[in-house]
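Beneath this line is the structure, given in structure tokens, with notes to follow.
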Amino acid sequence: AEMTWELQEKEVTYSLISRAKEMLSDLPDEIHYLAMKCYNMAVHHHSHKEVLESIRWLEESYQIYSKDPLKDHKKQSRTLRLLSNQYMTVKAYDKASSCAVMA
């Protein structure tokens with residue numbers, strides 16, 4: 001997934017991340033790693049002003065973190081705060097508010 005992302009093959013990357021998410025039940029130790037990869041992709045898009053791509057990766061990261069029974073609440077809050085900020089950028093105020101409350 002990282003290689004396809006570097007090559008800017010978005011749909012292939014989404015497909016591979018989706019497949020990896022399906023495998024998490026067999027590899028629970030990888031939840032944090034995969035969530036962090038999604039978060040890092042979101043931050044990259046955020047820094048390049050690609051808001052919708054950033055939102056997509058932040059949502060993925062949050063979903064993956066949510067599956068971790070030993071989740072790091074600080075990291076999950078960080079994801080939610082950035083996601084809230086991104087929602088505000090696209091004027092999705094209800095979603096932004098919801099993320100802010102959860103953070």
Side-chain angles (χ1 to χ4, degrees):
E2 291 175 73
M3 180 61 85
T4 60
W5 182 74
E6 288 289 329
L7 296 172
Q8 298 182 353
E9 296 176 5
K10 293 177 186 177
E11 293 308 315
V12 176
T13 305
Y14 293 133
S15 175
L16 291 171
I17 292 294
S18 179
R19 177 67 183 121
K21 282 173 44 179
E22 292 170 7
M23 295 170 37
L24 287 176
S25 60
D26 296 330
L27 303 165
D29 294 341
E30 299 301 319
I31 291 172
H32 175 76
Y33 177 79
L34 186 59
M36 203 62 205
K37 285 295 173 188
C38 291
Y39 180 82
N40 289 340
M41 288 186 247
V43 169
H44 171 81
H45 288 294
H46 171 72
S47 69
H48 287 89
K49 309 286 190 235
E50 298 169 345
V51 178
L52 296 178
E53 284 298 314
S54 180
I55 288 172
R56 187 169 183 180
W57 286 114
L58 287 165
E59 289 173 341
E60 286 290 331
S61 179
Y62 179 73
Q63 284 179 346
I64 294 166
Y65 268 131
S66 295
K67 294 179 181 186
D68 188 356
L70 304 172
K71 63 182 133 262
D72 182 340
H73 293 287
K74 288 181 183 180
K75 289 183 180 180
Q76 198 168 29
S77 290
R78 178 188 63 189
T79 300
L80 286 168
R81 286 191 304 272
L82 183 54
L83 184 55
S84 177
N85 181 286
Q86 295 295 75
Y87 280 142
M88 293 288 286
T89 302
V90 295
K91 297 180 175 35
Y93 300 119
D94 289 341
K95 289 182 178 182
S97 176
S98 177
C99 287
V101 168
M102 289 189 297

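Starting from 1, each residue takes its place in the sequence as its number.
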Output, in order, the C-alpha distance, side-chain angles, deciding distance and verdict of side-chain hydrogen bond (donor to acceptor under 3.5 Å, both in side chains) for E60 and S18.
-> CA-CA 9 Å; E60 286 290 331; S18 179; over 6 Å; no
Sequence-distant partners of R78, side-chain contact (heavy atoms from CB on, under 4.5 Å), two or more places apart = M36, Y39, Y65, K75, R81
Taking only residues two or more places apart in sequence, or in another chain, which ones meet T89 in a side-chain contact (heavy atoms from CB on, under 4.5 Å)?
-> V51, N85, Q86
Students should find that the hydrophobic cluster of L80, defined by side-chain heavy atoms under 4.5 Å apart, otherwise consists of Y62, M102
Nearest-0.5 Å distance that lies between atom CG in L24 and atom NZ in K21 = 8.5 Å
Which pairs, with at least one residue in residues 22-36 and sequence neighbours excluded, count as a salt bridge (charged side-chain N to carboxylate O under 4.0 Å, His left out)?
-> R19-E22
Cluster partners of M23, using ILVMFWY side-chain heavy atoms under 4.5 angstrom, listed by chain and number?
-> L27
Under the side-chain hydrogen bond (donor to acceptor under 3.5 Å, both in side chains) rule, collect the residues that match up with S97, sequence neighbours excluded.
-> none
Residues which pass side-chain hydrogen bond (donor to acceptor under 3.5 Å, both in side chains) with K95, listed by chain and number, not counting sequence neighbours | none
Tracing side-chain contacts under 4.5 Å among Ile, Leu, Val, Met, Phe, Trp and Tyr outward from Y93 reaches M88
Does one hydrophobic cluster hold both I31 and I17, with members joined at side-chain heavy-atom distances below 4.5 Å?
-> yes
Hey, could you give me the CG/CD distance between D68 and Q76, rounded to the nearest 0.5 Å?
-> 9.0 Å
Residue set satisfying side-chain hydrogen bond (donor to acceptor under 3.5 Å, both in side chains) with Y87, at least two apart, ordered chain then number -> E59
What pairs with H73 under ring-ring contact (aromatic ring centres under 6.0 Å, His included), at least two apart in sequence or on another chain?
-> none
Quick one: side-chain contact (heavy atoms from CB on, under 4.5 Å) partners of E53, sequence neighbours excluded?
-> K10, Y14, H45, E50, W57
Could you state whether V43 and L58 fall into the same hydrophobic cluster, counting links through intermediate Ile, Leu, Val, Met, Phe, Trp or Tyr residues with side-chain heavy atoms under 4.5 angstrom apart?
-> yes
Distance (rounded to the nearest 0.5 Å) between S61 OG and L83 CG | 9.5 Å
